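The basis for the numbers below is simple: all heavy atoms, side chains too, and nothing from hydrogens, waters or symmetry mates. All values reported here derive from a predicted model rather than from experimental measurement.
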Amino acid sequence: MAATWIQRIPTRSVRLWGGPTPQPHAAAAATASAAVHSLHHRHHHRHQHQQLLHHRFSSSLPRERMTAEDGASPWAKVLTIHTMNPTVKKVEYAVRGPIVQRAVQIEKELREGVKKPFAEVIKANIGDAHAMGQQPITFFRQVLALCSYPELLNDNTFPEDAKSRARRILQSCGGSSLGAYSASQGIDCVLEDVARYIERRDGGIPCDPDNIYLTTGASDGIMTMLKLLVYGEDEGRTGVMISIPQYPLYSAALAELGAVQINYYLNEEKCWSMDISELQRSLEEARGYCKPRAICIINPGNPTGQVQSRECIEDVIRFAAKERLLLMADEVYQDNVYAEGCQFHSFKKVLFEMGPEYSDSVELVSFHSTSKCYMGECGFRGGYMEIINMDPEVKAQLTKLVSVRLCPPVPGQALMDLVVNSPQPGEPSYNNFMKERTATLSALAEKAKLTEEILNTVPGISCNPVQGAMYSFPSITIPKAAVEEAAENNQVPDMFYCMRLLEETGICLVPGSGFGQKDGTYHFRMTILPPIDKLRVLLTKVKEFHQRFTNQYS
């Protein structure tokens, strides 16, 4: 077979390999076979010689140079820390940062029998309600079960209103299955239900379902909008105003996209309120090095737990209109309002009640999610965003952009539908739904008050009222000697503080430096989600630790 193949090789090809000119007829096959043997023999020795040379050369190279600089090295990676996208290396996300990684290690050590001065790690670092013991809403899980396994529609133990919701959702799904892709913007009936929900919430202000985009949690919508905004180079590069303290999704997203982060500081002395003079200062300063194009507001606040007043929201809208900024309103905690005298006001409602001067021109994108409020269904990754006054050509590009991901998770879309189309008076599930919803929100309100009260009894800790959301962001005093020891350990002071707290008590909190804070101030963020008894234990341990820590370094 080999000889037959060699006979077909042009003369110049054999000469190129170093073999003789092919002979005619019977002698050709033998000569060709010899040529192949000679070729293999020479190739084998040449390969051995190259390997020897490579070994002698490479053994004299530092390993680092071989992998990073010597492209011919068999050890070299295509993707290295030197060749990866540089913006990714700038991304930080404190909520799941070094403190949390150490907490996971400690949990493993406890399981392996390592002795610690505590029996368990209490994680209060992230707003993961169900992980902290909050119970799911029965009605939501019933409908999701019916949608996931439609055979259950024949089961009489499920209430009829749950079955009717499930049938409606399944009829809008391809093949009547949650396993089918939906339209990129979302399932039609869910878009319609979200629009009707917004109209009810905002007192009848119209909402067009075509302006709703279902998302993979609110984070997905926020990231998508920031992608649309990034434009320009150098001093013309897009700048986005974000509050400090901030939820690190924003700083991480801006770093990844190569946009410019513009910090404006919330007023801690006035319960983390927004100050228009501070917005103006931040904007004017930023115009020297970028092009400010958007402002982000989290209301109720994360990590600070404040609820902005209607007057504040009006001021922000006027500011955005005057300075030609797109408004991004993160409203995922809109049901989490606890403090007396506080009320959630949606940016859309306030915008339209301010009249056509603003409602016809200010560009607004608002976000909501199934992950927070009384639902706490983080793992389903359901959410939506509503766009107001977006340029039609940009809207077409937005629709194209979301189509690339095909669609948000369909179970998350179904869950979003249940949040905006919950049981109504007269339906079989209404009383139990309201009982569970009220119990969850009442428990959060109790825990918000308890957190503030206990932390404010500790000398060196000052905690603003937790008006809403599910976090506290208290200020802590760290002695000078502790600040110096932190510097010796190459840690910022509140990271040093929180790491010591974790190692000595098993309490996992996030240092304020992960969210941003004024220079010279220190904080930590903690959730109020643990069950009330465990929350008391947590707060007591924090109190005792702070007193011990302060005494040690004073």
Is the shortest distance from a Lys or Arg side-chain nitrogen in [X] or [Y] to a carboxylate oxygen in the other one below 4.0 Å?
X	Y	result
R437	D335	yes
E331	K348	no
E235	K291	no
E160	R167	yes

- For S422 and Y430, what are the C-alpha separation, side-chain angles and deciding distance, and is it a side chain to side chain donor-acceptor pair (under 3.5 Å)? CA-CA 8 Å; S422 57; Y430 177 75; over 6 Å; no
- Query: Would the number of heavy atoms belonging to other residues, nucleotides or ligands and lying under 6.0 Å from OH of Y289 be above 12?
  - Reply: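 For Y289, atom OH is crowded (more than 12 foreign heavy atoms under 6.0 Å).
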- Q424 atom CD, neighbour heavy-atom count above 12 within 6.0 Å: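 Atom CD in Q424 is crowded, with more than 12 foreign heavy atoms closer than 6.0 Å.
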- Verify the ring-centre separation between Y471 and Y333: is it less than 6.0 angstrom?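 Yes, ring centres under 6.0 Å apart.
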Would you say the side chain of [Y] lies within less than 4.5 Å of the side chain of [X], judging by non-hydrogen atoms?
X	Y	answer
I388	E363	no
F433	N431	no
C173	V410	yes
Q306	N464	no
V419	F140	yes
I244	Q261	yes
L418	I169	yes

For [X] and [Y], work out which heavy atoms get closest and say how close.
X	Y	result
L529	Q134	CD2-OE1, 4.1 Å
L502	I99	CD2-O, 3.5 Å
L153	A166	CD2-CB, 4.2 Å
K349	G203	CE-N, 4.4 Å
I262	S282	CG2-OG, 3.2 Å
T238	L229	OG1-O, 2.7 Å

Output the distance between atom [atom1] ([X]) and atom [atom2] ([Y]), rounded to the nearest 0.5 Å.
X	Y	atom1	atom2	result
F347	M328	CZ	CE	12.5 Å
Y384	M416	OH	CE	6.0 Å
H345	L351	NE2	CG	14.5 Å
T438	Y374	OG1	OH	10.0 Å
Q467	Q343	CD	CD	13.0 Å
E268	T304	CD	OG1	9.5 Å

Using a 3.5 Å distance criterion without hydrogens, assess whether the side chain of [X] forms a donor-acceptor pair with backbone atoms of [Y].
X	Y	value
R141	P136	no
E436	T138	yes
N267	K270	yes
N125	V510	no
S164	D161	yes

- Query: Between F473 and H523, how do the two ring planes meet: parallel, tilted or perpendicular, split at 30° and 60°?
  - Reply: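 Ring orientation of F473 relative to H523: parallel.
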[X]-[Y] side chain donor-acceptor pair, cut-off 3.5 Å:
X	Y	value
N302	Q246	no
N336	Y338	yes
D330	Y250	yes
Q308	S273	no

- Give the C-alpha distance, both sets of side-chain angles, the deciding distance and a yes or no for side chain to side chain donor-acceptor pair (under 3.5 Å) between K400 and Q397. CA-CA 5 Å; K400 178 187 74 175; Q397 294 296 315; 2.7 Å; yes
- Item | Passing option when E323 is tested against R318, R293, Q280 for side-chain hydrogen bond (donor to acceptor under 3.5 Å, both in side chains) |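 Result for side-chain hydrogen bond (donor to acceptor under 3.5 Å, both in side chains) with E323: Q280.
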- Query: Please walk me through it: do T370 and R381 pass side chain to side chain contact (heavy atoms under 4.5 Å, CB included)?
  - Reply: CA-CA 7 Å; T370 63; R381 311 308 300 131; over 6 Å; no
- Task: Start with the C-alpha distance between M470 and T527, add both sets of side-chain angles, then the distance that settles side chain to side chain contact (heavy atoms under 4.5 Å, CB included), and finish with yes or no.
- Result: CA-CA 6 Å; M470 48 184 64; T527 73; 5.6 Å; no
- Please report the C-alpha distance between E427 and S429 in whole Å, then the side-chain angles of each, then the deciding distance to 0.1 Å, and finally whether the side chain to side chain contact (heavy atoms under 4.5 Å, CB included) criterion is met. CA-CA 6 Å; E427 291 188 306; S429 301; 5.8 Å; no
Tell me which donor-acceptor pairs under 3.5 Å the side chains of residues 178-198 have, and how far apart each pair is, sequence neighbours excluded?
residue: S182; atom: OG; partner: Q413; partner atom: NE2; Å: 2.9
residue: S184; atom: OG; partner: L406; partner atom: O; Å: 2.9
residue: Q185; atom: NE2; partner: D210; partner atom: O; Å: 3.0
residue: Q185; atom: NE2; partner: I212; partner atom: O; Å: 2.7
residue: D193; atom: OD1; partner: R168; partner atom: NH1; Å: 3.4
residue: D193; atom: OD1; partner: R168; partner atom: NH2; Å: 3.2
residue: D193; atom: OD2; partner: R168; partner atom: NH1; Å: 2.5
residue: R196; atom: NE; partner: E199; partner atom: OE1; Å: 3.2
residue: R196; atom: NH2; partner: E199; partner atom: OE2; Å: 3.2
residue: R196; atom: NH2; partner: C207; partner atom: O; Å: 3.0
residue: Y197; atom: OH; partner: Q334; partner atom: OE1; Å: 3.0

- Task: Decide side chain to side chain contact (heavy atoms under 4.5 Å, CB included) for V362 and L326; before the verdict, give the C-alpha distance in whole Å, the side-chain angles of both, and the deciding distance to 0.1 Å.
- Result: CA-CA 7 Å; V362 173; L326 181 144; over 6 Å; no
Compile the donor-acceptor pairs under 3.5 Å between side chains in residues 217-226 and protein atoms, sequence neighbours left out, one pair per line.
residue: D220; atom: OD2; partner: T216; partner atom: N; Å: 3.0
residue: D220; atom: OD2; partner: R405; partner atom: NH1; Å: 2.5
residue: T224; atom: OG1; partner: D220; partner atom: O; Å: 2.8

